[in-house]
Amino acid sequence: MIRYTRKTMTKKNISELAEFVIWGTGSKSSVFSKGLVHKPSFYIDSDITKKDKFFFERRICHPSDIENWDELYIIIANSYYDDIKKELIERGLFEGQHFDYYENIKNDLLNVERLIDELKESMHYFKDGYSDFCNQILIFGSMISFDKNSCSNLNRTNQILNEKTRFLLISETYDVVEKDRLGLVEFPYFCLPLMLWQNYYFIKENHESIQVSEDIERYLSDEEYRINAVKDFEGKNKDIAEGYARIFVYYADGFLRELIDFINPRSVCIWNQFYPFHILIRYICKEKNIDLVYLEYGGIPGTYLIERTGQMGESYPATHWKEFRELPIDQKDLDKTKKVLDYLKTTGLNRRKQPENDELENARRMINLQWPTIVYFGQNDYESGMYPYNENAKRFHSPIFSSSNEAAFYLAAIAERNSWNFIYKPHPLCLGPDSEEAKKNLPKTAIVIDRCSINDLVDLADISVTILSTSAYISLIREKPVLMLGFTQLYKKESTYEALELEQIEETIKVALVNGYTKEQKDAFINQIAREIKYYVFDDFSERYLRYGRDWRIKEIFDVDI
């Protein structure tokens, strides 16, 4: 049995804690453990097969090994906090005195100095271990943590590259080294240090602000791309402690520059160009004249996008809409497209698994059945080119509104004035402060739905409205009229209604409610999807009986000889 003695701990002195234990050995524990200044005495895991194995150089114990629970200070770092909490309370322990959830205290156990030291150590390790990958292809992203065939498709492409051209995944999440994820990536990877992981930061509730030196402030303000990266970091993470976005962007910029300089890649591929640190990578590649490729999900469910000019309103179909509309298609292409659209409508295939709950039924009970229903879909403002809202955002993405909520407030006022039902569906990744702001400030007649099936919500609507959300594709697939307030691949394709000036919105909605989804719009959408399938989107090779989209096995993706 384990015998363990500890001092009584409180949140006030936990930052000085040198001895504690962690319950959990999965991805959450990995992220938490990697940045700790002090390591735990041991780990606890209920999986008996892990007993006496090691995790971050510490022994893993099964709960049956421990007899003096009241002498432990336990940090629970996994997804089963409520279940473990119940078990510990039954053992006579008290939350806050004997145990706590890692999210509540993680910033007391981590510090910036440790993260900076890890950056330096990581760069030494990278240069020692990856010198053979100079002039190869770097892939930046956290797709390993949410893999939807992206890894298998990269594997597929990697298999046909010759020995002079190789992939190196620069992983932005620790999930890449989890035992249950080994094998997803069949080519080498390097895990970035903690400071550069996506969605990692210090929250103001648990951490004091940090002083940023004049030299760092001067460096960040010298270039607009660094300013934009800081703004995007702070906008996406509204609860971040003061100063940390600047510190993180400053050190990330230096680290990424050194990494890219060392490899001197022939090509760089990033998943989603709009992450804060991807803003840095994009500029660095442009500055050094390095070929840059963007990956993301396609608007058509079951597809990926691989682009060079940029994403969303910066994509080729949006910026060269006339040329895209003139790409040749024939009757065979159109017939196949009709089958694809029928398949998508019948199966309800979507980019994400749709939740099952009673939110939509609650909304049905709240609407006035005598009124038309306007459904507005918000987008992830921070990962779609809208934020920070500057001239580039206005030109390429959202010409009218600076945020999803701003558009929601305007549309709700119009709906109230015209006796229309108004339903607002925020993006699923924006259900924190942004969603709460909407619920607080929208009129009582407006309905906010956090989670529900998009397919069912579209079916409830008389018209779908969005700035940039790919729900526009779902709406058109389900043959509902769409009003676009921003620029996407659907821009100027004549399949949607468009209002790109404020004064056009109300009148355009009225016209759409009268005319509905017209035959001309349906034909135009079929033409658009036919061209996307033939020339633009890539098959994600997920399990389905109908295949569509381009094959990843082409040399044009990374502009290399195969």
Side-chain angles (χ1 to χ4, degrees), residues 221-236 270 272-287 289 292-299 305-326 376-411 427 430 434 465-473 482-505 508 528 532 536:
S221 62
D222 278 348
E223 295 285 354
E224 184 178 3
Y225 81 96
R226 296 173 193 146
I227 296 172
N228 289 337
V230 171
K231 289 180 178 178
D232 196 34
F233 207 135
E234 292 176 334
K236 182 180 180 181
I270 57 177
N272 190 321
Q273 77 177 63
F274 303 112
Y275 291 135
F277 294 157
H278 291 183
I279 295 174
L280 306 180
I281 295 171
R282 186 183 192 188
Y283 184 89
I284 293 169
C285 289
K286 181 179 179 182
E287 180 186 275
N289 198 30
L292 185 60
V293 179
Y294 306 101
L295 269 70
E296 183 56 281
Y297 298 117
L305 299 180
I306 303 176
E307 302 177 281
R308 292 185 174 278
T309 62
Q311 296 181 317
M312 305 296 287
E314 298 174 55
S315 65
Y316 181 86
T319 57
H320 295 75
W321 57 269
K322 186 175 182 180
E323 292 90 332
F324 193 86
R325 279 175 50 178
E326 293 175 351
Y376 167 60
F377 291 94
Q379 57 281 315
N380 187 342
D381 298 347
Y382 313 104
E383 296 178 10
S384 60
M386 284 183 63
Y387 199 91
Y389 193 64
N390 50 27
E391 289 305 314
N392 188 77
K394 293 179 183 179
R395 178 185 176 189
F396 289 107
H397 302 287
S398 178
I400 307 172
F401 300 108
S402 63
S403 70
S404 294
N405 280 358
E406 184 183 359
F409 299 147
Y410 184 82
L411 291 168
H427 190 276
C430 296
D434 292 337
V465 183
T466 188
I467 303 175
L468 302 172
S469 172
T470 54
S471 61
Y473 278 85
V482 172
L483 171 61
M484 296 298 302
L485 305 178
F487 307 111
T488 70
Q489 291 85 349
L490 294 172
Y491 174 60
K492 290 282 189 180
K493 303 306 186 299
E494 299 184 346
S495 59
T496 70
Y497 297 91
E498 294 180 353
L500 303 176
E501 297 179 9
L502 192 67
E503 57 272 15
Q504 296 175 341
I505 296 175
T508 305
Q528 163 76 0
E532 288 200 22
Y536 184 52

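Side-chain contact of E532 with Y473: a donor-acceptor pair under 3.5 Å is present, judged by distance alone. Judged purely by distance below 3.5 Å, without hydrogens or angles, the side chains of R226 and Y283 never pair a donor atom with an acceptor atom. Side chains of E314 and T319: a donor-acceptor N/O pair is absent below 3.5 angstrom, by distance only.
The minimum heavy-atom distance linking F274 with M312 is given by the pair CE1-CG, 3.9 Å. The two residues I279 and A229 come nearest to each other via the heavy atoms CD1-CA, 4.1 Å. Shown here for G486 and P399, the closest heavy-atom pair between the two residues is CA-CD, 3.9 Å. When every heavy atom of A499 is checked against every heavy atom of I400, the shortest pair comes out as O-CD1, 3.6 Å. Of all the heavy atoms in G378 and S404, the pair that sits closest is CA-OG, 3.7 Å. Residues H397 and L468 come closest through the heavy atom pair O-CD2, 3.4 Å.
Formation of a donor-acceptor pair under 3.5 Å by the T466 side chain with backbone atoms of F377 is found in this model. Panel note: side chain Q311, backbone Q273; a donor-acceptor pair is recorded below 3.5 Å. A donor-acceptor distance shorter than 3.5 angstrom exists from the side chain of R325 to the backbone of K492, with no hydrogens or angles considered. In this structure, Y389 contributes its side chain and S398 its backbone to a donor-acceptor pair below 3.5 Å. At least one donor-acceptor pair under 3.5 Å links the side chain of T309 to the backbone N or O of Y316.
Interatomic distance, I505 CD1 to L483 CG, rounded to the nearest 0.5 Å: 7.0 Å. The structure places OH of Y275 at 11.5 Å from CD1 of I281, a figure rounded to the nearest 0.5 Å. With values rounded to the nearest 0.5 angstrom, L411 atom CG is found 6.5 Å from Y376 atom OH. The CD atom of E501 sits 10.0 Å away from the OG1 atom of T508 when rounded to the nearest 0.5 Å. We find the SG-CG distance between C285 and L280 to be 11.0 Å, quoted to the nearest 0.5 Å. To the nearest 0.5 Å, atom CD1 of residue I467 and atom CE of residue M386 are 4.0 Å apart.
Note: W321 and Y491 have perpendicular aromatic rings, judged against thresholds of 30 and 60 degrees for the angle between ring planes.
No more than 12 heavy atoms of other residues, nucleotides or ligands sit less than 6.0 Å from atom CG of N289.
Proximity of I270 to Y294: side-chain heavy atoms (C-beta onward) are separated by under 4.5 Å at one or more points. Q489 places none of its side-chain heavy atoms less than 4.5 Å from the side chain of F324.
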_Intermediate values then yes/no, side-chain contact (heavy atoms from CB on, under 4.5 Å), Y410 and L485_ = CA-CA 12 Å; Y410 184 82; L485 305 178; over 6 Å; no
*Verdict with supporting geometry, D381 and Q379, side-chain contact (heavy atoms from CB on, under 4.5 Å)*: CA-CA 6 Å; D381 298 347; Q379 57 281 315; 3.2 Å; yes
_Verdict with supporting geometry, V293 and E307, side-chain contact (heavy atoms from CB on, under 4.5 Å)_ = CA-CA 6 Å; V293 179; E307 302 177 281; over 6 Å; no
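K286 has no carboxylate O lying under 4.0 Å from a charged side-chain N of E223, or vice versa, which leaves the two without a salt bridge.
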